[in-house]
Amino acid sequence: MKQTGDLALMKKINKSIVMERIRHESPTSRARIAEKTGLTKATVSSLVAELISSDLVEEIGAGQSRGGRKPMLLLFNCSAGFAIGIDLGTDEITSILTDLNGRIVSESTVRSDNTNVDTAISALKACIGDLIKQAPISRYGVIGIGVGIPGFSDEQGNILFAPNLGWENIGLQAILEAEFAIPVVIENEANVGAVGEKRFGSSQAAASLVYVSIGAGIGTGIMLKEELYRGAFGYSGEMGHISIHHDGKPCRCGNLGCWELYASEHALIQEARAVYRDPTLDLDTLLKYAQAKETKALQLFTQHGRYLGIGIVNIINSLNPDRIIIGGRLALAEPWLVASMIEVVNKRSLPYPRAHLSIQFSTLGSKATVLGACSIAISRFFSSTKVWVE
Ligand SMILES: [Zn+2]
């Protein structure tokens, strides 16, 4: 009996390995998969046949021959299912529906006061319901929902604490799974952003990257050697609460002089409202002022770039990543932030950790989080044993 169990497990693992090759190297061939995985051609052929009958793989005709019969190319059928990715912000919800390759089929952003749990959950359900209705008919339907949240969650998808939302101990995964009967994964938004950048952004080649998510606060998603680093208990990445002023402004975290009190989008807007004596001024207006080369706006961004730089120096010196990505809406201000930020980084970080580093503003913009959330939901689907047991 035991041996049968082991063989069945071995087959599942091999099938999953073959599937991963086809997902990431499509189009490919049976011979190439055998060559890369070390599995025999007969094993690959039999597993591919099962994947074709599961509608996850399709044949797309003959490819180039390297001598002998032309190989039949295999393509990942990315329309076999769809995923939903959500970015739960403080005052809006962005949601997308993608195919299994992360290609966006539908997207929406709605305003919502998410500091009220009931309002937020109703709005989330409405957004998800809409996207499910829009999903094209497919073999597996909507295979998962990923939700990026500005806070901590546990492995059961309970939001333990989300300070900017004011949420504590909300079982969001259970609530959404009960409503839709679809697997839900809850993850910190900066972690999700790091995954989005790694999978879909300009950082696919970076093995160790830090995604700095700038919004109401600052969160960081850390990916070391291709893996998301969550810390011993899942609470890593709170670099927004590194002190950059030993006796600075008091933070609600209990510390003084936290980086996010100076370098978040919220901090910039507070400062700009004081400078312009305009309590309603927002980021879009400030960007327009900067585009018009208004001195006060340019000075504000220059100072903000310095604050960003100081925190980034701490990241470089402590983690030595090969890529740092600055994300969130503030990435739109790159032209006015970048010079002072880089000046501080070059002046104040240690030369060896900085040597091969590249710092970039996100090209995915606010989509890094939703795309990352879809990617995590899709990865769960493919790592779930259910898929491999027919
Ligand atoms: Zn703090």
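Positions are given from 1 along the sequence. Hydrogens, waters and symmetry mates play no part in the numbers below; they use all other heavy atoms, side chains included. For ligands, and for the atoms within them, numbers begin at 1 and follow the listed sequence.
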Worksheet, complete the sentence: Within a strict 2.8 Å cut-off of the Zn ion (ligand 1), protein N/O/S atoms tallied 4
Response to the item:
The ring pair (Phe, Tyr, Trp, His ring centres under 6.0 Å) partners of Y289 (sequence neighbours excluded) come to Y276
Worksheet item: E107: what forms a side chain to side chain donor-acceptor pair (under 3.5 Å) with it, not counting sequence neighbours?
Response: K367
Worksheet entry | For the student: nearest non-hydrogen atoms of L74 and S29, plus distance | CD1-C, 4.1 Å
Worksheet item: Does a donor on one side chain and an acceptor on the other come within less than 3.5 Å for S243 and N255?
Response: yes
Worksheet item: Is there a donor in the side chain of T280 and an acceptor in the side chain of D278, or the other way round, less than 3.5 Å apart?
Response: yes
Using a 3.5 Å cut-off and no angle test, enumerate the donor-acceptor pairs between side-chain atoms of residues 213-235 and protein atoms at least two apart in sequence or in another chain.
from : atom 1 : to   : atom 2 : distance (Å)
S213 : OG     : E189 : OE1    : 2.9
S213 : OG     : E189 : OE2    : 3.0
T220 : OG1    : G237 : O      : 2.5
E226 : OE1    : K198 : NZ     : 2.9
R230 : NE     : E187 : OE2    : 3.0
R230 : NH2    : E187 : OE2    : 2.5

